[in-house]
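Worksheet: one structure, shown below.
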Amino acid sequence: MKKCNGSVLISLLACALLAMVAATPLHVSAATTPAMGVHAAKTKPMKRVQPAASNLLYHGGPVVGSTTHTFAIFWEPVGTFVSPTYNSLITRYFHDIGGSKLYHNDIQYRDSGGHFAKNSVFSGTFVDTAPYPANPLSDTQIQAEVSHAKSVNGWTSSIDSAFFVFTARNENICLTPSLCSFTAFCGYHNFFGSGTIYVVLPYTGTSLAGCGTPATPNHDIDADSTINITSHEQNESATDPFLSAWFDLTGNEIGDRCNFVFGRILASGGDVVFNGHPYIVQKEWDNTKSRCVLAGP
């Protein structure tokens, strides 16, 4: 999403306003701050806005080199709620997205070494039932959870690995006291340490008004809505993993340009079919066509 000024930015899949965050190491989807940024994916716009036609620009940083290895961390303490098919549908999406035409759109976004994201594979899952340390959670606490999951499972960090953290219903995440999930953003991506790339996905069913999809092809509106946000952030974390690669003059990344812009609903109930399974996901920006697409060049 849009970038905040800062060396560390977060791509928040927020569908609401993004404010400038001066002192946090994140990048929010609607604001820009060069030294410490937050990139958030905005929540749903109040009205449909036609994205501007200006293209994404390359800013010199690396992109995912070839195949991304995705890891799902489901942080679901005892007594919290997620829908019965929530985890299984999300992991199915991770298995399906790599060979899709939508993910193929990322191949045009290359770095100075000629690297580009051409595939994604699902490489591991972890369900953590430990209690949350707070509500709302801070980004620092999310980073600690990623480090914990890596330690428990023996996972390692690299530019070709991305760790997706999913929380349960009614657990909020705040980057600042006024920049929180469901009112300011629906998700985000960031990195920490020597290069641990992570994506944060609050439970969209907490506020479908802010983060929900217009259809539910898998008959689980919470899972379908979170998959949409996951797709937005996944494509951004591949093309702008360290918040220094591909974004436009206002800080918008590949997903921000098409935030909550969907395709025609198919007979399957979604706007795409990946590996025989229906999903409803927003479009992503195509620099070759200067428009939002569901299938790349």
Side-chain angles (χ1 to χ4, degrees), residues 1-3 6-13 25-27 29 34 37 39 41 54-72 93-124 146 150 155-164 187-200 230-249 251-258 274 281 283-290 292-297:
M1 318 300 313
K2 279 190 177 180
K3 299 193 169 183
S7 57
V8 183
L9 304 177
I10 289 182
S11 167
L12 305 175
L13 208 193
L26 309 175
H27 175 225
S29 169
H39 182 210
S54 60
N55 277 339
L56 304 186
L57 303 174
Y58 179 54
H59 295 265
V63 302
V64 167
S66 178
T67 297
T68 303
H69 294 269
T70 59
F71 300 86
Y93 160 83
F94 280 128
H95 282 291
D96 292 342
I97 184 62
S100 69
K101 293 181 178 178
L102 179 64
Y103 200 78
H104 189 262
N105 185 57
D106 293 345
I107 68 170
Q108 64 188 289
Y109 298 103
R110 307 188 178 208
D111 65 19
S112 56
H115 305 107
F116 60 93
K118 59 179 163 184
N119 194 16
S120 176
V121 296
F122 187 53
S123 297
V146 173
K150 287 174 56 188
W155 298 338
T156 58
S157 299
S158 77
I159 193 171
D160 297 325
S161 297
F163 302 93
F164 291 71
Y188 64 85
H189 72 90
N190 194 21
F191 69 96
F192 66 92
S194 59
T196 296
I197 299 164
Y198 66 106
V199 180
V200 182
T230 301
S231 176
H232 173 128
E233 294 301 329
Q234 184 176 22
N235 285 283
E236 291 185 338
S237 65
T239 56
D240 195 24
F242 298 135
L243 311 171
S244 59
W246 287 94
F247 49 92
D248 68 15
L249 290 173
N252 284 307
E253 296 174 317
I254 186 174
D256 303 324
R257 299 300 307 272
C258 309
F274 299 154
V281 294
K283 297 179 179 182
E284 302 294 329
W285 188 258
D286 184 339
N287 258 10
T288 65
K289 297 178 180 177
S290 296
C292 300
V293 301
L294 286 172

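Keep in mind that what you see is a predicted model, and the values were worked out from it rather than measured.
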| query | Do any N or O atoms from the side chain of Tyr109 and from the backbone of Ala245 form a donor-acceptor pair under 3.5 angstrom? | reply | no
| Are any side-chain N or O atoms of Ser158 and backbone N or O atoms of Asp160, one a donor and one an acceptor, separated by less than 3.5 Å? | yes
| query | Any donor and acceptor pair, going by atom type alone, linking the side chain of Asn105 with main-chain N or O of Trp285 inside 3.5 Å? | reply | yes
| field | Passing candidate, side-chain hydrogen bond (donor to acceptor under 3.5 Å, both in side chains) with Arg257, options Asn252, Asn287, Asp248 | value | Asp248
| request: Verify the distance criterion only: is there a donor paired with an acceptor across the side chains of Asn119 and Tyr103 at less than 3.5 Å? | output: no
| said: Using ring centroids (six-membered ring only for Trp), state whether Phe94 and Phe164 fall under 6.0 Å. | reply: yes
| field | Straight-line distance of Ile159 CD1 to His115 NE2, nearest 0.5 Å | value | 8.5 Å
| When rounded to the nearest 0.5 angstrom, what is the spacing between CZ in Phe116 and CG in Asp106? | 10.5 Å
| request: Could you verify whether a donor N or O on one side chain and an acceptor N or O on the other, from Gln234 and Ser120, lie under 3.5 Å apart? | output: yes
| message | I'd like to know whether Ile254 forms a side-chain contact (heavy atoms from CB on, under 4.5 Å) with Asp240, so could you lay out the CA-CA distance, the side-chain angles of the two residues, the decisive distance to 0.1 Å, and finally the verdict. | response | CA-CA 9 Å; Ile254 186 174; Asp240 195 24; over 6 Å; no
| query | CD1 of Ile97 to CG of Asn235: how many Å apart, nearest 0.5 Å? | reply | 6.5 Å
| message | Around atom NE2 of His104, are there more than 12 heavy atoms from other residues, nucleotides or ligands closer than 6.0 Å? | response | no
| note | Heavy-atom nearest pair, Asp286 first then Pro297, reads OD2-CD, 3.9 Å
| request: Start with the C-alpha gap between Tyr93 and Ser231, add the side-chain angles, then the distance that decides, and say whether side-chain contact (heavy atoms from CB on, under 4.5 Å) holds. | output: CA-CA 9 Å; Tyr93 160 83; Ser231 176; 3.4 Å; yes
| What residue among Phe191, Phe163, Phe192 forms side-chain contact (heavy atoms from CB on, under 4.5 Å) with Ser157? | Phe163
| task | Check step by step if side-chain contact (heavy atoms from CB on, under 4.5 Å) holds for Ile197 and Phe242. | result | CA-CA 8 Å; Ile197 299 164; Phe242 298 135; 3.6 Å; yes
| Considering all heavy atoms of both residues, which atom of Thr67 and which atom of Val64 are nearest to each other, and what is their separation? | C-CG1, 4.5 Å
| said: Quick check against the 3.5 Å criterion: does Trp246 have a side-chain atom that pairs as donor or acceptor with the backbone of Arg110? | reply: yes
| note | In short, Glu284 meets Gly255 closest at the heavy-atom pair OE1-CA, 3.0 Å
| field | Verdict with supporting geometry, Lys118 and Ser66, side-chain contact (heavy atoms from CB on, under 4.5 Å) | value | CA-CA 5 Å; Lys118 59 179 163 184; Ser66 178; 3.2 Å; yes
| field | Nearest-0.5 Å distance, NE2 of residue His69 to OG of residue Ser161 | value | 6.0 Å
| note | Tightest non-hydrogen contact, residues Glu233 and Val199, listed as CB-CG1, 3.5 Å
| Which distance, rounded to the nearest 0.5 Å, do you find between the NZ of Lys289 and the CG of Asn55? | 13.0 Å
